[in-house]
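Remember, it's 1-based here, ligands and their atoms both numbered in the order they're listed. As a basis for the values below, the full set of heavy atoms in this structure was taken, side chains included, without hydrogen atoms, waters or symmetry mates.
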Amino acid sequence: MNYWQQRTIYLTYTNPIARIPGPEITKWTNWYTQYQLIKGTRPRWIHNLHQIYGPLVRIGPNEIDFSDVNAAREIHKVGAGYLKSGWYRKLGYQGSETLFSTTNPRFHAERRRLLSGPISEQNLLKMEPIINQRIYMTIARIEEEISNMGAADIFKWWTFMATDVIGELSFGESFRMLELGKKTQYITDLQNVSRLMALRSIFPFIEIVSKILPLSVFKQATEAGARIRNYADQSIKRYKRIIDQNHIDPKPTLFTKLYNPGRDGKEGLTDQEIVREAVGYIAAGSDTTAVTLTYLIFGVCINPEVQKKLVAEVANLPDNLQHKDVQDLPYLNAVLNETLRLYPATPSPLPRVTPPQGAELSGHHIPGGTIVSSQAFTLHRNEYAFPNAEKFQPERWFNPSREMKDAFLPFGGGSRVCIGMHLAKIEIRMGAALFFKKFPNAHMSTRNGMTLEEMNPLMYFMATPRGMRCLVEGN
Ligand code: HEM
């Protein structure tokens with residue numbers, strides 16, 4: 001029997017995964033799943049498969065997705081031994097390791113230990129003036145655009161804001177997107193990053209292939225990646241020059257304490273490592289925050305009752321409000337959670353590998369080395385935890401049940417939970433409170449052919465509004 005015959009028999013009969021329900025084609029190949037990824041439809045496709053096949057669905061010859069909340073919790077439990085799958089390594093530039101992309105638990109623990117202090121809730125308090133300055137400027141720019149054009153593209157402005165914030169916190173200098181006020185090549189590149197990640201995960205050698213095959217989709221994606229890295233490189237060099245010259249005390253950044261490792265026994269990272277982590281922060285932190293804020297405004301504007309309550313809550317806040325004024329507002333936080341639930345910026349499967357001894361999940365024995373995942377898009381639509389799951393109902397978060405908390409994974413979970421979630425929440429709470437204080441009558445615009453259909457998300461690894469814009473009017 002030749003290799004192909006043996007492989008066919010294995011995939012059809014012997015492979016334990018073959019018995020798990022799922023589309024017939026996924027016994028043989030995962031290309032159809034990858035096709036859905038490039039189209040930006042994978043989470044919805046997997047969600048539909050769960051409606052047909054139940055709580056566990058085979059999505060590739062060695063890959064299963066779970067909609068079962070207990071399985072999702074187990075997969076993301078600290079110490080349960082489910083490591084990130086090799087898919088993440090393909091996201092890093094030519095296999096380089098970062099906090100986000102590493103699959104090595106030791107590397108991860110060490111890197112996380114170094115990076116988590118500077119981005120902790122406590123430390124971010126020191127950086128609040130920098131963050132606030134950008135958020136206030138964003139509201140001013142939105143106001144200007146509404147008064148000049150009748151409507152503002154809030155997706156554009158939130159993207160500028162989130163990029164400027166993470167740029168300034170990483171490099172000590174913002175990208176000045178807000179001042180410029182128009183999409184630069186850099187912003188277009190960032191918006192292409194999600195697509196680049198999807199492509200690179202399927203074609204890991206995309207950078208090399210693009211040199212041989214002049215396909216514009218490859219070319220665009222790789223050029224975008226190169227420009228982002230180059231920008232980070234230049235910025236870090238500039239910042240480091242300031243530190244090395246030592247006559248100016250630079251603004252503290254998320255990396256300041258990590259420069260120049262080895263000097264006086266100091267722990268830290270090399271310049272190249274800092275560049276990679278900074279690029280990782282920009283890619284993971286700017287679009288996700290902007291998309292969440294955009295869908296928050298959208299979700300509120302298309303639900304007048306919700307808007308009335310939120311506007312009432314923020315109306316009497318002081319004009320120079322700070323994060324401490326909004327941090328514990330009950331309705332604002334309920335709206336934030338409901339946005340993260342119904343419009344998760346990362347709706348996709350988060351693939352992990354079962355430990356060598358295998359695992360019991362959803363009443364099935366899953367062999368060691370199997371790729372297992374669950375996705376926020378489906379978990380957040382679990383009707384048992386979230387009745388009327390398709391409805392935007394912030395009130396459901398006033399007294400969240402155990403089931404709701406368990407099924408809620410907008411920032412991932414366990415040791416790989418999002419490191420930037422405190423920063424994201426500060427930006428989102430401040431942005432939303434200031435927006436509805438300034439524009440209590442905000443509503444979706446129909447100018448320039450804008451339709452609600454455009455807000456139907458495209459979902460690569462991250463989600464983004466299909467129309468790449470969200471026009472809102474102020475009165
Ligand atoms: C609303 C905004 C955000 C959402 C929805 C979000 C979502 C997520 C999710 C779901 C994960 C887990 C990914 C996985 O397990 O595969 C994650 C991890 C991560 N996020 Fe975020 N994120 C947001 C904002 C940010 C920000 C602002 C930053 C940057 C400072 C950031 C940096 C990271 C990093 C570095 C990781 C990897 C952490 C690790 O593996 O230890 N994220 N994020």
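- In this structure, of Phe100, Tyr343, Phe411, Phe461, the residue bringing a heavy atom nearest to atom 4 (C) of ligand 1 is Phe411.
- Looking at atom 32 (C) of ligand 1, its nearest protein heavy atom turns out to be Ala284 CB, 3.6 Å.
- Any N or O atom pair closer than 3.5 Å counts here, and Thr292 shares no such pair with ligand 1.
- Using a 4.0 Å cut-off between heavy atoms, Ile166 contacts ligand 1 through its side chain alone, with no backbone atom that close.
- Side-chain contact, Thr378 with His47: a donor N or O sits under 3.5 Å from an acceptor N or O.
- In terms of protein heavy atoms, atom 38 (C) of ligand 1 is closest to Arg112 NH1, 3.5 Å.
- Neither side chain, Trp158 nor Glu427, offers a donor N or O lying under 3.5 Å from an acceptor on the other.
- Between Arg416 and ligand 1, an N or O atom pair is found at a separation short of 3.5 Å.
- Residue-level proximity to ligand 1 for Ala376 is absent, since no heavy atom of it falls below 4.0 angstrom.
- For atom 5 (C) of ligand 1, the closest heavy atom belonging to the protein is Pro410 O, 3.7 Å.
- Looking at Ser170, Ala463, Cys418 and measuring to atom 18 (C) of ligand 1, the nearest heavy atom belongs to Cys418.
- Inspection of the Asn132 and Gln322 side chains reveals an N or O donor paired with an N or O acceptor under 3.5 Å.
- Put simply, part of His108 is less than 4.0 Å from ligand 1, judged by heavy atoms.
- Because its NZ or CZ atom is both nearer than 6.0 Å to the ring centre of Phe100 and within 45° of the ring axis, Lys84 counts as a cation-pi partner of that residue.
- Looking from atom 14 (C) of ligand 1 to the surrounding protein, the closest heavy atom is Tyr88 OH, 3.5 Å.
- Checked by atom type and distance alone, the side chain of Gln375 never pairs as donor or acceptor with a backbone atom of Ile46 at under 3.5 Å.
- For the pair Arg396 and Phe386, the cation does not sit on the ring face, since its NZ or CZ is not both under 6.0 Å from the ring centre and inside 45° of the axis.
- Between Arg352 and ligand 1, at least one N/O pair is under 3.5 Å apart.
- With a heavy-atom cut-off of 4.0 Å, Ile119 touches ligand 1 through its side chain alone.
- At a heavy-atom distance under 4.0 Å, atoms from both the backbone and the side chain of Leu99 approach ligand 1.
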Could you walk me through whether His76 and Arg416 satisfy the side chain to side chain donor-acceptor pair (under 3.5 Å) test, starting with their C-alpha distance in whole Å, then the side-chain angles of each, then the deciding distance to 0.1 Å, before giving a yes or no? CA-CA 8 Å; His76 292 286; Arg416 305 306 296 256; over 6 Å; no

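- No heavy atom of Met421 sits closer than 4.0 Å to any atom of ligand 1.
- If you look at Thr288 next to ligand 1, the close heavy atoms, those under 4.0 Å, come from the backbone and the side chain alike.
- Taking the six-membered ring where the residue is Trp, the centroids of Phe408 and Trp397 are separated by under 6.0 Å.
- In this structure, the ring of Phe155 has its center no less than 6.0 angstrom from the ring center of Phe160.
- The ring of Phe461 has its center closer than 6.0 angstrom to the ring center of Trp87.
- Under the 6.0 Å cut-off for aromatic ring centres, Phe439 and Phe435 qualify, their centroids lying closer than that.
- One option in Ser116, Gly280, Ser286, Gly285 has a heavy atom closer to atom 28 (C) of ligand 1 than any other, and that option is Gly285.
- With a 6.0 Å cutoff to the six-membered ring centre and a 45° limit on the axis angle, Arg134 does not count as a cation-pi contact of Tyr136.
- Closest to atom 35 (C) of ligand 1 among all protein heavy atoms lies Ile419 CG2, 3.6 Å.
- Scanning the protein heavy atoms around atom 29 (C) of ligand 1, the nearest turns out to be Tyr281 O, 3.8 Å.
- Taking distance alone, with nitrogen or oxygen atoms compared against 3.5 Å, Thr346 stays at or beyond that limit from ligand 1.
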